[in-house]
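Okay, structure first, notes after.
Letters A, B, ... are given to chains in the order of the sequence lines, protein chains preceding strands, and every chain is numbered from 1. No hydrogens, no waters, no symmetry mates; every other heavy atom, side chains included, goes into these values.
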2 protein chains.
Amino acid sequence: MAPKKLKVAEPSQAQAKRQHKADAKAAAASSPAKPRPLTRIQREKQDIILEAALEVFSAHGFRGSTIDQIAEVAGMSKPNLLYYFPKKEEIHRRLMSELLVTWLAPLEEMRADGDPFVEIRSYIRRKLEMARDFPRQSRLFANEMLRGAPHIIDMIEVDLKALVDEKAQVLLAWMDQGKLARTDPYHLIFSIWATTQHYADFDVQVRAVLGKGRGGEGRFEDAARYLEQLFLHGLTPKPRA
Amino acid sequence: MAPKKLKVAEPSQAQAKRQHKADAKAAAASSPAKPRPLTRIQREKQDIILEAALEVFSAHGFRGSTIDQIAEVAGMSKPNLLYYFPKKEEIHRRLMSELLVTWLAPLEEMRADGDPFVEIRSYIRRKLEMARDFPRQSRLFANEMLRGAPHIIDMIEVDLKALVDEKAQVLLAWMDQGKLARTDPYHLIFSIWATTQHYADFDVQVRAVLGKGRGGEGRFEDAARYLEQLFLHGLTPKPRA
DNA sequence: CTAACATTTTTCCAACTGGTCAAAAATCTT
DNA sequence: AAGATTTTTGACCAGTTGGAAAAATGTTAG
């Protein structure tokens with residue numbers, strides 16, 4: 001239930017103005033540009049900014065969000081924010097690369113040596129929990145996809161593809177062993193993504209359609225139950241015993 | 001295969017400046033504001049603009065799109081475009097209301113007196129065809145949802161909800177008759193939406209993951225086959241005969 | 001304590017954007 | 001063909017936005 005804070009990765013090009021100015025000389029001299037460790041305040045403020053940016057970007061999209069908005073949510077002035085992330089794009093980039101790691105994790109956990117249905121079921125659960133606990137990340141991701149994934153297309157084509165290829169092999173093996181219906185492993189994975197993320201990305205619609213009565217907190221439990229039935233048996237009724 | 005042109009509905013508040021200026025007097029006098037039929041050019045240009053706007057909005061979102069961009073795609077100047085749609089929002093509004101009609105149609109076709117599996121299967125097919133033939137509309141819709149459906153929330157809460165409620169009853173009846181596995185009809189519908197629209201909204205990802213070999217035109221056929229298996233039998237393997 | 005460095009604030013600006021307006025051009029009506 | 005109406009254009013504007021500069025204020029290592 002408790003949204004464990006996402007870990008912040010990539011300390012790379014965080015340092016701001018100062019560095020930039022130095023770049024002119026440093027880069028020209030092709031020196032290794034001493035990385036200078038981040039100060040406490042830098043780490044804290046960057047986290048605050050990234051959190052605020054997630055809030056704003058996920059709600060309005062990249063172009064629909066202004067630095068002012070993010071700064072306000074982060075509780076600082078615009079120039080101050082720009083001191084930590086000299087470019088709006090930079091914030092977005094950081095957010096996206098953190099996001100991808102978080103996003104791939106659940107699939108990675110699917111173990112080839114486990115029981116197919118147990119593994120698939122818990123994968124679905126994990127994804128559904130992510131939709132419930134990290135809807136903003138899900139929407140940010142969806143937004144990027146809708147736009148054609150301009151910022152992460154190469155990671156999608158390389159890392160994500162590799163991971164899915166690997167897991168597709170696992171699924172195929174299970175099918176070969178007769179433990180799983182023979183079907184397309186890639187589309188199988190797509191369908192898990194689609195059905196689970198739907199509850200984050202189309203949340204308004206889900207709530208509106210379920211109405212006051214069933215649109216409450218229980219909807220994720222219901223979804224989990226339904227999806228289990230779907231992926232396990234489909235819609236074919238049990239023959240009356 | 002051929003994307004049948006969407007019909008343009010709602011001739012309502014299309015007329016521009018002239019009307020606007022007149023409004024001052026007309027509205028003040030609370031007269032019925034004679035609607036004055038649209039000219040040929042007006043109809044043509046509005047269609048061109050709406051088509052261009054669909055292209056641009058679906059790719060960049062509302063705030064990410066500029067009137068200039070739309071005007072350029074439409075092959076006219078910005079002021080000229082504004083002559084037909086005095087507000088950027090107006091274009092978007094029109095697009096959204098047309099969209100909703102198109103979007104509800106497939107579900108409406110699900111007949112209570114048909115065979116459950118035939119009906120569900122063809123509903124899935126129709127939705128999949130829409131994802132293939134009208135990806136821009138799908139993305140426009142997804143974008144609106146991501147943003148919390150600000151422009152169509154009431155139609156979602158009223159019309160869409162009513163329709164889904166109705167069809168949920170149909171599904172429940174089928175379940176009562178033992179023709180369909182007993183499960184949650186609402187989430188069943190959600191899962192059909194999610195799995196089919198995924199192929200339009202997350203198209204980049206689907207292509208990238210499938211790779212050059214399988215990401216081509218055949219992917220919709222594969223998806224259709226897979227989804228049929230999923231919804232019919234789930235992933236449980238057939239007992240060896 | 002203080003010099004060096006890190007952080008924050010104030011002020012400003014150029015580019016972009018949605019939209020206006022008057023006049024010119026094209027089209028339609030009679 | 002003339003007059004009326006519709007359509008198109010070019011110049012323009014005010015508000016917003018991303019970002020730069022520099023001065024002012026804090027922080028910290030020696």
Inset, instruction - Apply the salt bridge (charged side-chain N to carboxylate O under 4.0 Å, His left out) test between A:Glu90 and each candidate in A:Arg93, A:Lys88, A:Lys87; give the one that qualifies. - result: A:Arg93
Inset, instruction - Measure the distance from CG on A:Leu82 to C1' on C:dC12 and round it to the nearest whole Å. - result: 14 Å
Legend entry - Phosphate OP1/OP2 of C:dA6: any A:Tyr84 side-chain N/O under 4.0 Å: no
Inset, instruction - For A:Gln46 and C:dA6, give me the distance from atom CD to atom P, rounded to whole Å. - result: 14 Å
Legend entry - Toward the 5' end of DNA chain C, by each residue's nearest nucleotide, A:Lys78 or A:Leu81: A:Leu81
Inset, instruction - Could you tell me how the ring of B:Trp103 sits relative to the ring of B:Phe141: parallel (under 30°), tilted (30 to 60°) or perpendicular (over 60°)? - result: tilted
Inset, instruction - May I ask you to say whether A:Arg219 pairs ionically with A:Asp203, meaning some side-chain N is under 4.0 Å from a carboxylate O? - result: yes
Inset, instruction - From the options C:dT11, D:dG10, C:dT7, select the nucleotide whose nearest atom is closest to the side chain of A:Pro79. - result: C:dT11
Inset, instruction - Rounded to the nearest angstrom, tell me the gap between atom NZ in A:Lys88 and atom P in D:dT16. - result: 16 Å
Inset, instruction - Take atom NE2 of B:His92 and atom P of C:dG19, then tell me their distance rounded to the nearest Å. - result: 14 Å
Legend entry - Ion pair B:Asp165/B:Lys161, N-O distance below 4.0 Å: yes
Inset, instruction - Give the rounded distance in Å between these two atoms: NZ of B:Lys45 and P of D:dT6. - result: 15 Å
Inset, instruction - Locate the shortest heavy-atom distance separating B:Arg126 from B:Pro106; write the atom from each residue and the value. - result: NH2-O, 3.1 Å
Legend entry - Side-chain ion pair, A:Arg132 and A:Glu217, N-O less than 4.0 Å: no
Inset, instruction - Classify the ring geometry between B:Phe202 and B:His198 as parallel (under 30°), tilted (30 to 60°) or perpendicular (over 60°). - result: parallel
Legend entry - Contact under 4.0 Å: B:Tyr83 side-chain N or O vs D:dT8 OP1/OP2: no
Legend entry - Side-chain N,O (A:Ser77) to OP1/OP2 (C:dT8) below 4.0 Å: no
Legend entry - Interatomic distance, B:Glu72 CD vs C:dG18 P [rounded to whole Å]: 14 Å
Inset, instruction - To the nearest Å, give me how far apart CD1 (A:Ile70) and P (D:dG19) are. - result: 11 Å
Inset, instruction - Would you indicate, yes or no, if D:dT7 has its OP1 or OP2 atom less than 4.0 angstrom from a side-chain nitrogen or oxygen of B:Asn80? - result: no
Inset, instruction - For DNA chain C, determine which residues of residues 58-68 of chain A have any heavy atom closer than 4.0 angstrom to one of its atoms, and list them numerically. - result: A:Arg63
Inset, instruction - Let me know the distance between CZ of B:Phe85 and P of C:dG18, rounded to the nearest Å. - result: 16 Å
